[in-house]
Amino acid sequence: MPCVAVVDTTFARVNMAEEAIKVLKRKVPAIKIKRYTVPGIKDIAVAVKRLFDEGCDAAITFGWVGPTQTDKYSYLAMSIALQMLQIQYGKHVIDVTVHEDEASGEKLKEVAIMRAREHALNLAILLTKGPEGLTPLAGTGQRQGWPDVGPL
Ligand code: RDL
Ligand code: RDL
Ligand code: RDL
């Protein structure tokens, strides 16, 4: 029974984790989910570490980055920490991030929900099919939240 760590924030303006959990439970019925909600993106990495130490096999995180340069620096700090965790533990951390300047209003909400669902599906495939699970989509210009751009 795979255990997935789901980490999200109160800073985010859309409940992305809720959408992703629905996809994960539908695609991997035996899944065990451990959810951990923190204030903001710079608090995500330690939550992932704690859930890995409790035995989770993979993580999916939901971050929301504000529009200022200060916010973008916070994202960079989080991103580097998540990369370090992946390498240290040899476990995937699927980083679902929405940048507040990608769109606005209802469109931004749609980007967030679609990105959460599509990355949850990516994780479900990695969990159930392993390293070659996504290979049929290799080189096909997949995007999450925005339309796929397709191959050249
Ligand atoms: O540990 C408390 C906070 O420092 C932490 O929650 C930060 O991630 C909060 N935060 C910022 O301080 C900031 O400048 C966040 C952002 N920007 C941001 O864009 N998104 C966040 N948190 O989720
Ligand atoms: O862990 C899930 C995603 O965070 C991860 O797959 C990222 O590498 C996806 N990604 C971005 O989030 C992004 O803003 C990619 C790019 N840009 C990019 O330019 N090329 C990618 N991925 O392959
Ligand atoms: O091609 C348009 C977008 O894909 C591009 O602007 C991406 O950089 C947007 N994006 C992020 O900013 C991000 O943090 C994406 C992701 N994460 C992601 O995980 N998947 C994306 N885009 O397709």
Side-chain angles (χ1 to χ4, degrees), residues 2 4-21 23-24 27-28 31 33 35-52 56-152:
V4 170
V6 174
V7 180
D8 65 347
T9 72
T10 59
F11 189 101
R13 301 179 66 191
V14 175
N15 191 339
M16 297 178 275
E18 189 174 84
E19 296 296 325
I21 288 169
V23 173
L24 288 168
K27 294 289 172 187
V28 191
I31 203 165
I33 287 172
R35 189 165 176 179
Y36 193 150
T37 304
V38 294
I41 45 179
K42 283 191 280 182
D43 314 308
I44 288 176
V46 70
V48 170
K49 180 174 163 48
R50 287 173 67 159
L51 294 175
F52 277 170
C56 282
D57 305 294
I60 184 164
T61 64
F62 300 91
W64 188 279
V65 183
T68 71
Q69 191 168 51
T70 308
D71 297 319
K72 292 176 195 299
Y73 288 141
S74 294
Y75 174 66
L76 187 59
M78 177 203 78
S79 188
I80 291 167
L82 294 184
Q83 292 297 331
M84 287 169 61
L85 279 175
Q86 293 191 91
I87 294 162
Q88 185 189 343
Y89 282 84
K91 295 177 180 182
H92 283 293
V93 178
I94 300 296
D95 159 14
V96 182
T97 296
V98 171
H99 299 262
E100 195 147 354
D101 55 12
E102 283 187 70
S104 61
E106 279 303 307
K107 182 62 197 171
L108 184 60
K109 183 176 178 183
E110 182 194 317
V111 167
I113 288 172
M114 293 309 294
R115 184 165 297 158
R117 287 181 185 156
E118 292 179 75
H119 271 315
L121 186 57
N122 283 333
L123 178 57
I125 291 169
L126 286 172
L127 284 172
T128 55
K129 301 193 170 163
E132 291 191 36
L134 289 170
T135 306
L137 293 173
T140 60
Q142 299 294 307
R143 295 294 184 271
Q144 295 79 32
W146 294 103
D148 298 338
V149 296
L152 291 180

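When a ligand or atom number is given, it counts from 1 through the structure's own listing order.
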Ionic contact status for R115 with E102, cut-off 4.0 Å: yes
Atoms in ligand 1 flagged as close to G66, the criterion being non-hydrogen separation under 4.0 Å: 18 (C), 19 (O)
Where ligand 1 meets S74 - atom numbers and elements under 4.0 angstrom, heavy-atom basis: 11 (C), 13 (C), 14 (O), 17 (N)
Heavy atoms from other residues, nucleotides or ligands near CD of Q69 exceed 12 (cutoff 6.0 Å): no
Of N15, T9, T10, the residue whose pairing with T37 passes side-chain contact (heavy atoms from CB on, under 4.5 Å): T10
Between ligand 3 and the protein, give all atom pairs where both partners are nitrogen or oxygen and the distance is under 3.5 Å, as lines of names plus distance to 0.1 Å.
from     : atom 1 : to   : atom 2 : distance (Å)
ligand 3 : 10 (N) : R115 : NH2    : 3.4
ligand 3 : 14 (O) : T97  : O      : 3.3
ligand 3 : 14 (O) : H99  : NE2    : 3.0
ligand 3 : 19 (O) : H119 : NE2    : 2.7
ligand 3 : 20 (N) : Q144 : OE1    : 2.7
ligand 3 : 22 (N) : R115 : NH2    : 3.4
ligand 3 : 23 (O) : Q144 : N      : 2.7
ligand 3 : 23 (O) : Q144 : OE1    : 3.3

Within reach of ligand 1, part of W64 (heavy-atom separation under 4.0 Å): backbone
Those atoms of ligand 1 less than 4.0 Å from some heavy atom in I41: 8 (O), 18 (C), 20 (N), 21 (C), 22 (N), 23 (O)
NZ/K91: more than 12 non-hydrogen atoms of other groups inside 6.0 Å: yes
F11 N/O to ligand 1 N/O under 3.5 Å: no
Sub-4.0 Å atoms of ligand 1 with respect to non-hydrogen atoms of D43: 1 (O), 2 (C), 5 (C), 6 (O)
Over 12 non-hydrogen atoms of neighbours within 6.0 angstrom of NZ in K72: yes
Nitrogen or oxygen atoms of P39 and ligand 1 under 3.5 Å apart: no
Side chains of D71 and S74, donor plus acceptor under 3.5 Å: no
Aromatic ring pairing Y75/H99, orientation class (parallel under 30°, perpendicular over 60°, tilted between): perpendicular
Salt-bridge criterion met for E118 and R143 (N-O under 4.0 Å): no
R13 CZ: over 12 foreign heavy atoms closer than 6.0 Å: no
